[in-house]
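Working notes, beginning with the structure itself.
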Amino acid sequence: MSLEQLRHLLSGVLDAVADTGAHNAEALRLLDDYRRVVVDAQAQAQPWLPAELGRAVEQLDANQARLDTVRDLLTSYQSRL
């Protein structure tokens, strides 16, 4: 595999990581919208939110941190080529 082919493949992987990050951000936005709808609908001092919502947000945050690390590592590797 040539250096140019490797650079091209790395660029594709970085694009895929960026797309995945965008999907993750959209999922977080949708969960935030859902939380707002539930709170507004209940309109009480301590609204009930399903436990799954908090776990989903935590998991998406963890996924985003992993994606950021992957992107940083790949970008660093790509710059050294």
Side-chain angles (χ1 to χ4, degrees):
M1 176 181 300
S2 73
L3 184 59
E4 190 55 40
Q5 289 172 319
L6 182 57
R7 283 185 177 145
H8 178 71
L9 290 173
L10 274 173
S11 179
V13 170
L14 283 168
D15 289 344
V17 169
D19 288 346
T20 303
H23 289 294
N24 193 72
E26 178 66 8
L28 281 169
R29 188 192 65 74
L30 290 171
L31 284 174
D32 191 48
D33 288 348
Y34 168 73
R35 180 191 333 254
R36 196 173 307 110
V37 166
V38 169
V39 170
D40 290 348
Q42 293 181 6
Q44 52 183 307
Q46 296 205 334
W48 173 84
L49 293 171
E52 294 83 6
L53 177 63
R55 288 194 299 269
V57 169
E58 288 174 8
Q59 184 62 52
L60 287 169
D61 284 340
N63 289 350
Q64 189 61 51
R66 288 185 194 104
L67 288 169
D68 291 343
T69 300
V70 167
R71 186 190 66 244
D72 292 345
L73 290 170
L74 289 171
T75 300
S76 174
Y77 182 69
Q78 186 178 35
S79 70
R80 287 183 277 169
L81 292 176

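Computed from a predicted model, the values in this text were never measured in an experiment. We're numbering straight along the sequence, starting at 1.
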>> What's the separation between atom NE2 in His23 and atom CG in Leu28, rounded to the nearest 0.5 Å?
In response: 13.5 Å
> Once you round to the nearest 0.5 Å, how far does CZ of Arg35 lie from CG of Leu53?
Replying inline: 4.5 Å
> Does Asp72 have any salt bridge (charged side-chain N to carboxylate O under 4.0 Å, His left out) partners at least two apart in sequence or in another chain, and if so, which?
Replying inline: none
Indicate every side-chain donor-acceptor pair of residues 6-21 with a distance under 3.5 Å to a residue at least two apart or in another chain.
| residue | atom | partner | partner atom | Å |
| --- | --- | --- | --- | --- |
| Arg7 | NH2 | Leu81 | O | 2.3 |
| Thr20 | OG1 | Ala16 | O | 2.9 |

> How would you list, by chain and number, every residue that makes a side-chain contact (heavy atoms from CB on, under 4.5 Å) with Asn63, sequence neighbours excluded?
Replying inline: Asn24, Gln59, Leu60, Arg66
>> Under a 4.0 Å threshold between the charged nitrogen and the carboxylate oxygen, would Asp32 count as salt-bridged to Arg29?
In response: no
> Can you list every salt bridge (charged side-chain N to carboxylate O under 4.0 Å, His left out) pair that touches residues 51-61, not counting sequence neighbours?
Replying inline: Glu52-Arg55
> Under a single-linkage rule joining Ile, Leu, Val, Met, Phe, Trp and Tyr whose side-chain heavy atoms are separated by less than 4.5 Å, which residues share a cluster with Leu73?
Replying inline: none
> Linking Ile, Leu, Val, Met, Phe, Trp and Tyr by side-chain heavy atoms under 4.5 Å, what else ends up with Leu30?
Replying inline: none
